[in-house]
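One structure is given here, and the rest of the page talks about it.
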Amino acid sequence: MKLQKPKGTRDFYPEDMAWRQHLCDAWRKVSIRNGFEQVDGPIFERLDLYKVKSGEGIVSELFHFNDRGGRGLALRPEFTPTLARMVADRASSLPRPTKWFCIPNCCRAENPQRGRLREFWQWNIDMLGIDSPVADAEAIFTAVDFFREMGLNSSHLRIKISHRQTVRHILSKLGVGDDRMLAAFELLDRRDKMEPEEFAEAAAPLGLDAASAGRFDEVCRMKYAAGRLDAMREALSIHEQIEDLAALDEQLHAFGIADWCEYDLGVVRGLAYYTGTVFEVHEATGAMRAVAGGGRYDNLIELFDGPSMPAVGFGMGDVVISLVLFDKGLIPEHLAARPDVFIVPVSDAAAARLPGVLADLRSRGLHTRFSYRSTRNLGKLLKEASSLRARYALILDDRLAEARAHLKDMESGEQEEVMLTEVATRVNSHTVVES
RNA sequence: GUGACUGUAGCUCAGUUGGUUAGAGCACGUGGUUGUGGUCCACGGGGUCGGGGGUUCGAGUCCCCUCAGUCACCCCA
């Protein structure tokens, strides 16, 4: 192939596009019923914006370029910096909390793999100006609401939750100083890929001796079901320092989503900017990369020159969730738009009248189609109507002289004579509301 | 960006130790013409075997490079 699409991108043929739209529609629907309002920003930003949060190292992961004035620009790799900029700009006039969602396409100059492409769509929801654990739980609930909407249940996915403060307390108790805390988080994030000796070696400079390092490792590998904080307290021998997690735990129960959640102190999300709750959603067998990730980032808006403003949110890419839904057989088969009416003329005379009838029905809002083939073979034309999954076939025959035609219900096979002027109301009244 | 594996029609794949005009199923198109439906029959379009170069009398089959996909690393905002 001479003209290839760029590495890591996708073409959306009608079937693919129908799925993408279906997914985005579900994201939008769920966002709205959870009280979020849609926003968007530019698809490219000034390169500097991305350095604010992620540092100079981010540049190699970006598609960036200069405009004719020499300004450094970059395609957005995520939406959060844009969001932070937008919020910082109007912070004083925004309601508290402000609940926003968006579904931007984002580009990252990474090496593509299964579940990871160079362009993807990412659902983001954020709640700003509220630091209550209710908000943390509501963010997680919104994700669960979406999963349920798509037919997933708590046996398909695990929401792994940790809390920066809780982990900080544990590390502190094991002897890690505040100045080494960030390094300790990084080590925690990488521990699964390290040999025990290697881990111990890396832990030493953090102020952890062999025994503490071993305990650190052990503690972070343990998982606790939501509601089993007592077990965690017991195992960690910390009794008073996990109020944050306890408050979240209570809310997760109140929202009825505790069965989806477990505490896993190994979840760090690699990000320096998370300040409290952090969570990741994984396929239950752990086979794939994370479906979604998020948490609380109370300092971010300030970092972008805004006021001090607490925030919590998450992001979910279209790629991994689509793989999961495909794996579970949860992608609906028929997503193409269904015609309301398929017009079938039985004669040349009737065919001559077709455009007028078609125009009328379309102007009344009906999805109306006809065949471009020259055949008058009724069987073949109905077959075409059937393969398009049309709800009704409108057969234009000799009754046309009296402005009447036969309307055939393609589901039941029943057919009745109707006046052309009645077709639209007839079809609308019979049409069952479905997505 | 580094390494490993893979690459035949839109999709799923055949293609014998290198040997003549590269096949099947599905999908797609036309026809089976006075007729009521995803069936059936016939015919047809579509591949420079990812691309380029090399070895050879001859390469889809062997070698090199390149591109893309998959996996691991990096990273995962």
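Model, not experiment: these values are computed from the prediction. Numbered from 1 within each chain, the chains take letters A, B, ... in sequence-line order.
Between the CG atom of A:N377 and the P atom of B:rG38 there is a distance of 11 Å, rounded to whole Å. The distance between atom CD1 of A:I343 and atom C1' of B:rU36, rounded to the nearest whole Å, is 17 Å. Across the protein-nucleic acid pair, A:F63 atom CZ and B:rG1 atom C1' stand 13 Å apart, rounded to whole Å.
Nucleic acid contact for A:G293: none, since no nucleic acid atom lies under 4.0 Å from a heavy atom of the residue. In this structure, A:I58 reaches the bases: a heavy-atom distance under 4.0 Å links it to at least one base atom across the strands shown. Contact annotation for A:G317: no contact, since no heavy-atom pair falls under 4.0 Å across all strands. The residue A:T80 sits apart from the nucleic acid: no heavy atom pair falls under 4.0 Å. Heavy atoms of A:Q415 sit under 4.0 angstrom from at least one base atom. Across all strands shown, A:R373 has heavy atoms under 4.0 Å from sugar-phosphate atoms exclusively, and none from any base. Residue A:P112 is in sugar-phosphate contact alone, with no base atom involved, counting any heavy-atom pair closer than 4.0 Å across all strands shown. Looking at heavy-atom distances under 4.0 Å, A:V344 makes no contact with the nucleic acid at all.
For A:F36 and A:F101, the gap between ring centers reaches or exceeds 6.0 Å.
The nucleotide B:rA24 finds its pairing partner in B:rU12, both defining distances of the Watson-Crick or G-U wobble pair being shorter than 3.5 Å. If you check B:rC71 for Watson-Crick or wobble pairing at under 3.5 angstrom, you find it paired to B:rG3. Figure legend. B:rU56 is base-paired to no nucleotide; pairs are counted as Watson-Crick or G-U wobble with both atom distances under 3.5 Å.
The gap from the P atom of B:rG10 to that of B:rC49 amounts to 13 Å, rounded to the nearest Å. Going from the P atom of B:rA9 to that of B:rG31 covers 29 Å, rounded to whole Å. Look at the P atom in both B:rU20 and B:rG60: the space between them is 10 Å, to the nearest Å. B:rG15 and B:rC74: their C1' atoms are spaced 41 Å apart (whole Å). B:rA24 sits 11 Å from B:rG44 when the P atoms are compared, rounded to a whole Å. Remark: the separation of the P atoms in B:rG35 and B:rU39 is 22 Å, to the nearest Å. Spacing between B:rG25 and B:rU21 at atom C1', rounded to whole Å, works out to 23 Å. The C1' atoms of B:rA14 and B:rG47 are separated by 15 Å, rounded to the nearest whole Å.
Remark: the A:N111 side chain and the B:rU2 base include a donor-acceptor N/O pair separated by less than 3.5 Å.
Ring geometry, A:W123 versus A:W27: the interplanar angle falls under 30°, so the pair is classed parallel (tilted spans 30 to 60°).
A cation-pi arrangement is present between A:R164 and A:F185 under the rule of less than 6.0 angstrom and at most 45 degrees off the ring axis.
Which of B:rC75, B:rC67, B:rG69 sits closest to the side chain of A:Q4 comes down to B:rC67. Nearest to the side-chain atoms of A:K383 among the listed nucleotides B:rC76, B:rU36, B:rU39 stands B:rU39. The nucleotide whose nearest atom lies closest to any side-chain atom of A:I395 is, among B:rU30, B:rU36, B:rA68, B:rU36. Which of B:rC76, B:rG32, B:rG38 sits closest to the side chain of A:S386 comes down to B:rG38. Looking at the side chain of A:V346, the nearest of the listed nucleotides B:rG35, B:rG37, B:rC76 is B:rG35.
Summary of the strand contacts: A:S374 and A:K408 both lie near RNA chain B, and taking for each the nucleotide with the nearest heavy atom, the more 5' one is attributed to A:S374.
If you check the side chains of A:S31 and A:Q38, you find no donor sitting under 3.5 Å from an acceptor.
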(request) Quick one: do A:W121 and A:F12 satisfy ring-ring contact (aromatic ring centres under 6.0 Å, His included)? Show the steps, please. (result) CA-CA 13 Å; A:W121 275 256; A:F12 293 90; 5.4 Å; yes
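For the OP1/OP2 pair of B:rA72 and a distance below 4.0 Å, the side-chain nitrogens and oxygens of A:Q113 include at least one atom meeting the criterion. A close approach under 4.0 Å does not occur between any side-chain nitrogen or oxygen of A:R389 and OP1 or OP2 of B:rG38.
Taken from CG in A:D318 to CG in A:L325, the straight-line distance is 11.0 Å, to the nearest 0.5 Å.
Counting heavy atoms from C-beta on, the side chains of A:Y392 and A:V423 never come closer than 4.5 Å.
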